[in-house]
**Q** 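Have a look at this one before I ask anything.
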Amino acid sequence: MGEVNSSTVPGRIPAGSLSPQLDGKEGYVLGWVHEVRDLGHLIFVVLRDGTGLCQVSIKVADTPEEVVRRVRGITNESVVKVWGRVTREPKARAGVEFKGREVEVISRTERTVPYDVTGKVDAKLDTRLDHRILDLRRPENRAIFLIGDTVLSACRSFLRERGFIEVRTPRIIATATEGGAALFEVNYFDRRAYLAQSPQLYKEELVTVFERVFEIGPFFRAEESNTTVHINEFTSIDIEAAFADYNEVMEVLEKLMVHVYQRVIDERGRELSLLNLNIRVPQLPFMRVTYDEALEYLREVGMEKRWGEDLSVRDMRALTSKYDGFYFITDFPTVTKPFYIKPRDGKPEVSESFDLVHGWLELASGGSRISERSLLERRIVDSGLNPASFQHHLDIYDYGMPPHAGWGLGYERLLMIITNRMNVREATLFPRDRTRLTP
RNA sequence: GCCUGGGUAGUAUAGCCAGGUCUAGUAUCGGCGGCUGUCGCCCGCCGGACCCGGGUUCAAAUCCCGGCCCAGGCGCCA
């Protein structure tokens, strides 16, 4: 409380809070030295903290010699505390600045900063990732992950409101969960174990307990991919719902996208404009394109495909000339999908499956699941996997398994799309890829 | 894993095709000095680099071979 007091009692003033309305407020600012402009009798220090940037000005004539010497010795990215007063100042571009009186250097940068935080000189993504913490200090890069914070928060609140329970499943597992993607091996007390590639089987089992569950967490794929959209440790937003089919969970997903965009627009206006983004809430419902329709279009543009083949990146790029923004591709051939996806009753070569696509990029994948043990066992065998290694999972199906459906959504890819980044690594704090294991 | 293009100061680039004039240019950065309103401040001086290994040649940053690494595209995959 006490708006009156806060302007008279000295205390910390967030850099991002400076405005001409705070004219005369005494206190101190704390943060990192973004840059220094020394004009001789007047020194400007641009200071950056968790809330933004502010300009500190120091008049040499009005400042003790010792303090001036300290300011002249400041290096970029040092942490400093400056006492002074917020002052309305028409000569400052922001219309306000912080007149500094006394300066304390809390932590001095002793070496040349290996990366330009102010952005005056470009750096390659690889260099930026080598110095990721410095890179993240750039306001533009911070903004990406502030938006990411809202995305995660929006997903949690949206799903919880709809009765989904947040769960955590193991990252360390004994056997391959899905086949498909390659797994990383870990040594588990002299036994062989693996890092989970998805929560798939666990979340299916958990619908027999909670009916609706979701999980947001890291998963691992040992694929030697070398693209702008694959990383080996990624964050999956997964849901699974009992007594639902793929159409119902598709609806949850598209409504979630609308909710996420709305929350980002509502809460992150500052970050969006910093990134020059003008995003709009997507229109419902998203277009549903069946696999057969996609094939038909590809045939029209001279890219004929055999039915049963998966869609390639080239195919997906071709589809962007007809389908824009978010859309679903549905009803994939059963052979292109993992064993747990449900084949259509009466037409088992087609599966009750879908991908959520934005442009040419796959963001999410889901479907109705098999809920009958004998069929699941048969599909495991058909997929070239050994049913014996799924014994625990299969046994669950003997004790009351409802029909269910779900999906998994790639968080970094979604953030990449929202923030219009060209490389998923830019939407990952510390990306892990084929060659990068540090920092 | 494949194809194409790359690797020059801390960072980003010029130079390479047409080998010598490169003691390797520029910006930023760091150091020093100057400057009263900057906001990519400005001005002067100084500092700092040819990815690694082999080869061709009188001479290699420049040409050739191998390796490592990077970007984009593709594959795998989500």
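Lettering of chains follows the sequences in order, A, B, ..., and the numbering in each one begins at 1.
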**Q** Does a nitrogen or oxygen in the side chain of A:R93 sit under 4.0 Å from OP1 or OP2 of B:G40?
**A**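 Yes, because at least one side-chain N or O of A:R93 sits under 4.0 Å from OP1 or OP2 of B:G40.
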**Q** May I ask you to say what A:T75 touches in the nucleic acid, namely base, sugar-phosphate or nothing, with a heavy-atom cut-off under 4.0 Å?
**A**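 Sugar-phosphate contact only.
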**Q** Where the side chain of A:E97 is defined as all heavy atoms beyond and including C-beta, which of B:G10, B:U36, B:U38 is the nearest nucleotide?
**A**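 The nucleotide sitting nearest to the side chain is B:U38.
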**Q** OP1 or OP2 of B:C39 versus the side-chain N and O atoms of A:K120: is any pair under 4.0 Å?
**A**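 So the side chain of A:K120 is outside the cut-off, no N or O lying under 4.0 Å from OP1 or OP2 of B:C39.
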**Q** Test the A:R162-A:F158 pair against the cation-pi criterion, namely NZ or CZ under 6.0 angstrom from the six-membered ring centroid and within 45° of the ring axis.
**A**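 Yes - A:R162 lies over the ring of A:F158, closer than 6.0 Å to its centre and within 45° of its axis.
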**Q** List the residues meeting salt bridge (charged side-chain N to carboxylate O under 4.0 Å, His left out) with A:E300, not counting sequence neighbours, and say none if there are none.
**A**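 Salt bridge (charged side-chain N to carboxylate O under 4.0 Å, His left out) check on A:E300 returns nothing, list empty.
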**Q** Hey, do the aromatic rings of A:Y261 and A:F326 have their centres closer than 6.0 Å?
**A**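 Aromatic pair counts; centres sit under 6.0 Å.
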**Q** For the side chain of A:N226, starting at C-beta, report the closest nucleotide among B:C35, B:G75, B:G40.
**A**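 My answer, after comparing the listed nucleotides, is B:G75.
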**Q** Is any N or O donor-acceptor pair between the side chain of A:K124 and the base of B:G7 shorter than 3.5 Å?
**A**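 No, no donor-acceptor pair under 3.5 Å.
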**Q** Ring-plane angle category for A:F332 and A:Y291, please: parallel below 30°, perpendicular beyond 60°, tilted otherwise.
**A**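 Rings of A:F332 and A:Y291: tilted, 30 to 60°.
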**Q** Of all the nucleotides listed (B:C35, B:G40, B:G37), which has the minimum atom distance to the side chain of A:E89?
**A**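 Side chain of A:E89 sits closest to B:G37.
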**Q** A:E26 vs A:R101, test: salt bridge (Lys or Arg N to Asp or Glu O under 4.0 Å). Steps then yes/no.
**A** CA-CA 11 Å; A:E26 295 276 337; A:R101 235 188 343 264; 3.0 Å; yes
**Q** Figure out the CG/C1' separation between A:N423 and B:G73, and round it to whole Å.
**A**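 My rounded result for the distance is 13 Å.
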**Q** Taking the side chain of A:R37 as heavy atoms from C-beta outward, which of B:U38, B:C70, B:G40 is closest to it?
**A**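 Among B:U38, B:C70, B:G40, the one nearest the side chain of A:R37 is B:U38.
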**Q** Below 4.0 angstrom from OP1 or OP2 of B:C70, is there any side-chain N or O of A:T435?
**A**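 Result: yes.
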**Q** Taking the side chain of A:R317 as heavy atoms from C-beta outward, which of B:U11, B:G37, B:G73 is closest to it?
**A**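 Nearest nucleotide to the side chain: B:G73.
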**Q** With C1' as the reference atom in both, quote the distance from B:G5 to B:C16 in angstrom, rounded to an integer.
**A**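 My reading of the C1' atoms in B:G5 and B:C16 gives 15 Å.
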**Q** When you measure from the side chain of A:E35, which nucleotide among B:G31, B:C41, B:G37 comes out closest?
**A**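 Among B:G31, B:C41, B:G37, the one nearest the side chain of A:E35 is B:C41.
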**Q** State whether A:T127 places a side-chain N or O below 4.0 Å from either non-bridging phosphate oxygen (OP1 or OP2) of B:A12.
**A**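 A:T127 to B:A12 OP1/OP2: side-chain N or O found under 4.0 Å.
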**Q** Sticking with atom C1', work out how far B:U11 lies from B:C29, rounded to a whole angstrom.
**A**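 The answer is 7 Å between these two C1' atoms.
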**Q** Counting heavy atoms from C-beta on, name the nucleotide in B:G37, B:C29, B:G72 closest to the side chain of A:T228.
**A**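 Of B:G37, B:C29, B:G72, B:G72 is nearest to the side chain of A:T228.
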**Q** Please tell me which of the listed nucleotides, B:G37, B:G73, B:A12, lies nearest to the side chain of A:A123?
**A**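 Of the candidates, B:A12 comes closest.
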**Q** For a quick check of understanding: with a heavy-atom distance under 4.0 Å over all strands, which category does A:A364 fall into, base, sugar-phosphate or nothing?
**A**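 The answer is nothing, as A:A364 stays clear of every strand by at least 4.0 Å.
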**Q** Expressed in whole Å, how much space separates the P atoms belonging to B:C41 and B:C3?
**A**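 B:C41 and B:C3 have their P atoms separated by 46 Å.
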**Q** Rounding to the closest angstrom, what is the interatomic distance between B:A60 and B:G54 at atom C1'?
**A**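 Looking at atom C1' only, B:A60 and B:G54 are 14 Å apart.
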**Q** Select one nucleotide: of B:G10, B:C74, B:U28, the one nearest the side-chain heavy atoms of A:V313.
**A**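 The listed nucleotide nearest to A:V313's side chain is B:C74.
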**Q** Can you tell me how far C1' in B:G37 sits from the matching atom in B:C42, rounded to whole Å?
**A**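 To the nearest whole Å, 13 Å.
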**Q** Tell whether A:E223 reaches the base of B:G75 with its side chain through a donor-acceptor pair below 3.5 angstrom.
**A**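 There is none.
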**Q** Mind checking the C1' distance from B:U4 to B:G75? Whole angstroms is fine.
**A**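 Roughly 15 Å separates the two C1' atoms.
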**Q** Answer with yes or no whether A:D38 presents, from its side chain, a donor or acceptor under 3.5 Å of a partner atom in the base of B:C41.
**A**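 Absent.
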**Q** Using the C1' atom as the reference point in each nucleotide, state the distance between B:A27 and B:C64 in Å, no decimals.
**A**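 About 34 Å, rounded to a whole number of Å.
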**Q** With no hydrogens and no angle check, is any side-chain donor or acceptor of A:R413 less than 3.5 Å from a backbone partner on A:V229?
**A**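 Present.
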**Q** Using the C1' atom on both, measure B:C69 against B:C52 and round to a whole Å.
**A**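 Looking at atom C1' only, B:C69 and B:C52 are 11 Å apart.
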